[in-house]
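Below you'll find the structure, written out as structure tokens, and then a few comments.
Not measured: the values here are computed from a predicted model. Order of the sequence lines fixes the chain letters, A, B, ..., with proteins taken first and strands second; residue numbering starts at 1 for each chain.
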Amino acid sequence: MANDRYEPREIESRWQEIWAREGTWEVSNDSEEVQARLGEPEKSYVLEMLPYPSGEPHIGHLKTYALGDAIAHFHRRTGHRVLHPMGYDAFGLPAENHAIRTGVHPRQSTDESIAAFQRAFRSWGISIDWTRELATHEPSYYRWTQWIFLRLLERGLAYRKEAAVNWCPHDATVLANEQVIDGRCERCGHEVEIRQLEQWFFRITDYADRLLDELDTINWPEHVKAMQRNWIGRSEGAEVAFRCEELDTEYTVFTTRPDTLFGATFFVFAPEHPDVFRLAAGTEHEEEVHRYVNRALTESPEERGAAEKPKTGVPLGRTITNPVTGEQIPMFVADYVLMEYGTGAVMAVPAHDQRDYDFAQVFDLPIRQVVAPADDSEVPSGEAFVAHSENERLINSGEFTGLSTVEARRAIVEWLDRQGKGNASVNYRLRDWLISRQRYWGCPIPIVYCERCGMVPVPDSDLPVVLPEVEDYQPRGRSPLAAAEDWVNTRCPRCRGPGRRETDTMDTFVDSSWYFLRYCDPHNDQAPWDPKVLAQWMPVDQYIGGVEHAILHLLYARFFVKALADMGLVNVQEPFSSLFTQGMILGPDGQKMSKSRGNVISPGPIVERYGVDAARCYILFIGPPDQDAAWAETSLKGVHHFLSRLWRLGLGEDASASAAAQDGAEAPADPSGDALTLVRKAHWAIDKVTGDMSGRFTFNTAIAAIMELVNDIYRFPEAEPQARRFAIATAASLVFPFAPHLGSEVYQQLTGRRVWEEPWPDVDPDMLRADTFELVCMVNGKLRDRVTANTGAPREELERLALESGGVKARVDGHDVAKVIVVPDKLVNVVLV
RNA sequence: GCCCGGGUGGUGGAAUUUGGUCAGACACGGUCGCCUUAAGAGCGACUGCCCUUUGUGGCGUGAGGGUUCGAGUCCCUCCCCGGGUACCA
């Protein structure tokens, strides 16, 4: 033996080589015939969110893939055929911005980064089926992104319109609503402007109800579902038409509180509302309205959105009729009303809406209470009465007075309906998905504009529309592709006349909205996938990724799958049956890792020094994986120490290899003494680890259980060798999903076999219970004695044992016993009067 | 404001599934010892707080109340921290 030190890198590269050479983690798409013959072992599709290849992988990647890999290994060894593929989300702004700075083509920097990720994944020993690898910037992939775009276009789910859109002046491109955080670009942090532009959209709003309702069918963390519900923002209410007699026009508003209609004492338009100028024309306020609107439009969304700022607005100098009271109520324009939500106009009920109340105060407008608090309490002055319970009743509301707010909602909507003045309605916060980007490094939109035929889709047979080479990536308010004249000028696919290509590219979230489907059938060049093959694998059984994608990616992917399912191309309604969102690894200072803070931990040197098994185990041991955790190198050393101890146990057994060959690592038939203790501990560990892997993914306690097993093996050096070998082999087998190299190594030392080919160990339930236990004897809830009792002993016997025990007896004598609580196999509590 | 999480030793965290003793598993850090020429590694013991009563002692899971024979765990009120979201009518 060269030395007796644990040398992880040697062990790790040896096993990695075997897995690469033998393609251990590859799975095939079986024909139906083969499937029938195999008797259909259950499939399991385990997937981590694909990485965005930029620079080198960081420690967060290691966490994601260590988590997914542990689950994949566990599923394999519990009898599943596991699909565990890998790919790269290769288009996107960072590579392009890098190109602008350095002149290096985005393809080159992206491919270099992909190579770095590939090296990392191999050196981390992640069990990937490399035959299914893909990257979204390859024409063989984005050909089908374009194909899907055309299918959406055919169904009216992709469309072009001019709209007020979010524009990032720094990145010189438009952004989806989901990509604007607090009025700023999620990528570069610059304040977003609003521009009127003609852009491509996906009609995700058509799916709002299904995206909402079908959240109930999937096993996702509740907070992620809540975020999606919030984002979709479904509100039930009514549309109510208000008539302006003076100008003979009608304006509809959306309200969630039709029951307060009698309290509507004025009416407000958003500054962007197209009729504002027309309404003000010829009134004394005309000029003031123009000034106000112009100022409002130049304010950034952030300035305007400040909730605490005092209400401002201007009267339009005209009135409109409240449809239930017939009153003429004044109209205003005010920037607290948003054009993007509802109809861009609201009925104002100052008594029952805080914003309307504040506005009414500024303009001294009437405030008419129409709902009475249930308990007749006074409404605090300066506040609108907005709280509502089932018991509140209407006042000052004509024939509806006395109804509860719930009844009134229905009754007033019915009345409006009969009068043709309104109807029940549902409103959403969700907007259609804006997918155009005025940038180079993305998937070209397969559209040609022809003077004669108009907008013409590129035929399927001409796909892919390949991204051309350009000299200058600098965005100048139009896509850099516009400069590629040879590419832009083309023939119209319909009339063969001159045409010009669409020069915007697609949002990269389009690329990643369907990659999990392509993994199922990655080499198909006739279709994006064969629906029959897809049905073998979809849905993804376990999806793993960061919570930062809770809305964007996860909502878009769900929309894609539903749309594709409606076309008959996909067999499921939801892409990801179960979702696990992992927490971040923070720097040693407890702060988010960042170059500027100088607290970045790179996986490379860590793996070099301690081995990847130690790094992976440490990341999982640090705490529950869905929580954030600060990096602590000393703790990593502790895990390395544990792995060394396990490794040395394997080494010790190697010396007695002849014995190992005879009885392998079977548990001894009838152990006793220390041997029994060890065998029992091993089964306890199997039970604990299996439970942790199946439910909440609390790998930290699973690893702690294996640590306890290893500690016990050290504690009983004299135990019968066969029991020791069983315990060591069990520890190796259990640690394999977390430390696959060491697990393989130690297991092979003991048994000569490959641990990943072995089924997951079975628990012997008899070994989980001891024959006797310590019966806790309490008096009035205080511990007074312990005695040994037989497991499974009847209540009467336990009660007798407790009452006879010295500590109890001394306190019970001379008192009356009120009752005796017996918890089988645990305790007896004697309650005195 | 609203919606989710969460608050346990010097530190990360266990125990929350089903209310069941002794809270604090497993680690980190610390103290002491063994081994070693030394260092490292390794091995072992101790490590919530308090006490002029060292005891089958007292106190202890953000604060206060409650239910119970029994509460970190359930209920109520409140405080604090993290995340999401917001003039959404």
C1' spacing across the pair B:A14 / B:U73, given as an integer number of angstrom: 14 Å
Assess whether side-chain contact (heavy atoms from CB on, under 4.5 Å) is satisfied between A:L554 and A:L579, documenting all intermediate values. CA-CA 10 Å; A:L554 289 169; A:L579 172 71; 3.7 Å; yes
Measure OH/A:Y618 against P/B:G12 and give the value in whole Å, please. 12 Å
When all nucleic acid strands are considered with a 4.0 Å heavy-atom cut-off, which category describes A:G233: base, sugar-phosphate, or nothing? nothing
What's A:M707 touching, base or sugar-phosphate or nothing? Going by heavy atoms closer than 4.0 Å. sugar-phosphate
A:Q627 vs B:G13: side-chain N/O to OP1/OP2 distance below 4.0 Å: yes
Nearest-Å distance once atom C1' is located in both B:U67 and B:G30: 42 Å
Could you say whether A:H223 or A:R645 is positioned toward the 5' end of RNA chain B, judged by the nucleotide with the nearest heavy atom to each? A:H223
Expressed as a whole number of Å, how far does the C1' atom of B:A63 sit from that of B:U8? 15 Å
Take atom P in B:A89 and the same atom in B:G5, then report the distance between them in whole Å. 23 Å
Treat a base pair as Watson-Crick or G-U wobble with both distances under 3.5 Å, then lay out RNA chain B in dot-bracket form, 5' to 3', with | for cross-strand pairs. (((((((..(((.......[.....)))((((((.......))))))((((...).)))..(((((..]....))))))))))))....
Rounded to whole Å, CZ of A:R648 lies from C1' of B:A41 at a distance of 9 Å
Atom-to-atom span, CZ of A:R409 to P of B:A89 - whole angstrom: 12 Å
Proximity to RNA chain B (any heavy atom under 4.0 Å), residues of residues 340-347 of chain A only: A:Y341, A:V346
